[in-house]
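Written out below as structure tokens is the structure these notes cover.
Chain naming here is simple, since letters A, B, ... match the order of the sequence lines and numbering starts at 1 in each.
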There are 2 protein chains.
Amino acid sequence: MPEEPRWLDECEREAWLALASLMFKLPGALDAQLLRDNDLTLFDYFVLSGLSMAPGRTLRLSALASQVSSSLSRLSNVLKRLEQRGLLRREPDPDNPRYNRAVLTEAGWDLVVAAAPGHVAAVRRFVIDGLTPEQITALREVACRVTQQVNEAAEDSRRGC
Amino acid sequence: MPEEPRWLDECEREAWLALASLMFKLPGALDAQLLRDNDLTLFDYFVLSGLSMAPGRTLRLSALASQVSSSLSRLSNVLKRLEQRGLLRREPDPDNPRYNRAVLTEAGWDLVVAAAPGHVAAVRRFVIDGLTPEQITALREVACRVTQQVNEAAEDSRRGC
DNA sequence: CGCATTCGGTTCAAGCTTGAACCTCGGAAG
DNA sequence: CTTCCGAGGTTCAAGCTTGAACCGAATGCG
């Protein structure tokens with residue numbers, strides 16, 4: 001249906017290629033640090049850290065999934081592994097027993113506390129410390145905007161079923 | 001070794017979380033469009049597109065790997081699949097027969113040409129069209145900077161062996 | 001000359017992600 | 001009442017990525 005598509009101009013192309021390069025490399029770099037030092041992937045860390053900041057160190061699974069931008073399927077698999085390592089438990093939500101929640105254990109909390117400094121240092125090294133304050137603000141705005149566009153598209157295509 | 005780590009302030013944290021969210025969602029959204037419409041992953045597309053823009057539609061494997069920010073191992077696996085689909089060939093480099101090159105076939109070229117409009121439209125929809133020209137420039141600078149930091153860290157750790 | 005290292009690339013096993021299929025439970029609609 | 005549907009989760013097979021081990025060909029370097 002696109003008769004003559006609108007190609008990217010030079011500036012847009014460079015921005016997109018740079019972003020693509022970032023997307024391909026940054027996750028690997030952060031994964032590598034966490035795996036080496038704490039035997040966690042970046043995704044594992046986000047899950048545990050998300051729980052650690054929630055009231056009662058607890059979240060409903062679907063809330064957790066949306067917080068870490070993942071499918072329920074992926075989250076379920078990861079939770080199984082983390083539960084086997086004793087870092088969290090799954091249990092029915094006492095308020096509404098048809099929901100499940102994930103609860104961070106003491107061991108899970110300790111691991112987040114132990115992993116956080118190294119992880120934050122890596123985020124600084126790779127991302128934050130190379131940028132000016134204006135660039136950090138711009139990054140936040142751009143990334144929020146893009147995330148929002150992606151979410152809207154996802155909702156649209158759900159509606160379009 | 002980190003006595004009291006430098007945590008992220010509110011602004012830095014927001015920027016980092018937004019970027020993380022982007023990194024988790026954007027690749028999936030672009031993959032989904034290409035898979036649905038052209039049976040290619042984003043990574044496949046970058047490989048084919050990289051070849052299509054190279055002189056002679058040909059690149060040495062290691063040059064291609066660095067262009068698409070991937071390990072040689074990953075590239076080798078992907079090339080095997082793309083070669084089986086007849087989209088490219090591998091052959092020794094005539095200039096220096098100990099190197100191998102990947103050469104885009106006619107079918108590969110046709111597929112890139114067919115896939116490009118839809119892919120560009122998705123990049124516009126998810127990324128470019130939501131941003132002002134200043135934001136696009138800022139994005140390029142930020143993403144370049146981050147990529148560079150990651151590359152430097154990778155080189156450092158290679159040196160540090 | 002010979003030894004070791006590096007570079008370019010491939011392969012393999014282990015682990016991770018994805019999407020589809022499935023299950024259960026609680027409404028809403030007929 | 002019962003039938004249907006959707007939301008919350010889980011599971012499974014298929015496919016992808018990763019890192020380590022490996023190979024052959026050059027290129028030091030002693």
Applying side chain to side chain contact (heavy atoms under 4.5 Å, CB included) to Leu82(B) and Asp44(B), what does each step give before you reach the verdict? CA-CA 8 Å; Leu82(B) 296 177; Asp44(B) 294 339; 4.1 Å; yes
Sidechain N-carboxylate O distance under 4.0 Å for [X], [Y]:
X: Asp39(B); Y: Arg85(B); result: yes
X: Arg89(B); Y: Glu83(B); result: no
X: Glu12(B); Y: Arg140(A); result: no
X: Arg101(A); Y: Asp95(A); result: no

Heavy-atom nearest nucleotide on DNA chain D for Gly28(A) versus Ser62(A): which residue maps closer to 5'? Ser62(A)
Of Ala32(A) and Arg60(A), the one whose closest DNA chain D nucleotide lies more 5': Arg60(A)
Length of the line joining [X]:[atom1] and [N]:[atom2], which is rounded to integer Å:
X: Leu64(B); N: dG8(C); atom1: CG; atom2: C1'; result: 13 Å
X: Glu91(B); N: dT10(C); atom1: CD; atom2: P; result: 13 Å
X: Phe43(B); N: dG15(D); atom1: CZ; atom2: C1'; result: 15 Å
X: Leu42(B); N: dT18(C); atom1: CG; atom2: C1'; result: 16 Å
X: Phe24(B); N: dC16(C); atom1: CZ; atom2: P; result: 14 Å
X: Asp95(A); N: dG8(D); atom1: CG; atom2: P; result: 15 Å
X: Phe46(A); N: dT17(C); atom1: CZ; atom2: P; result: 14 Å
X: Leu30(A); N: dT18(D); atom1: CG; atom2: C1'; result: 16 Å

Among residues 70-86 of chain A, which ones have heavy-atom contacts with DNA chain C below 4.0 Å? Ser73(A), Arg74(A), Asn77(A), Val78(A), Arg81(A)
Can you tell me how far the OH atom of Tyr45(A) sits from the CG atom of Leu35(A), to the nearest 0.5 Å? 14.0 Å
Check every strand shown and say whether Arg90(B) touches a base, only sugar-phosphate, or nothing at a heavy-atom separation below 4.0 Å. sugar-phosphate
When you compare the side chain of Asp93(B) with that of Arg60(B), does any pair of heavy atoms fall below 4.5 Å? yes
Output yes when at least one side-chain N/O atom of Arg98(A) is less than 4.0 Å from OP1 or OP2 of dG9(D), else no. no
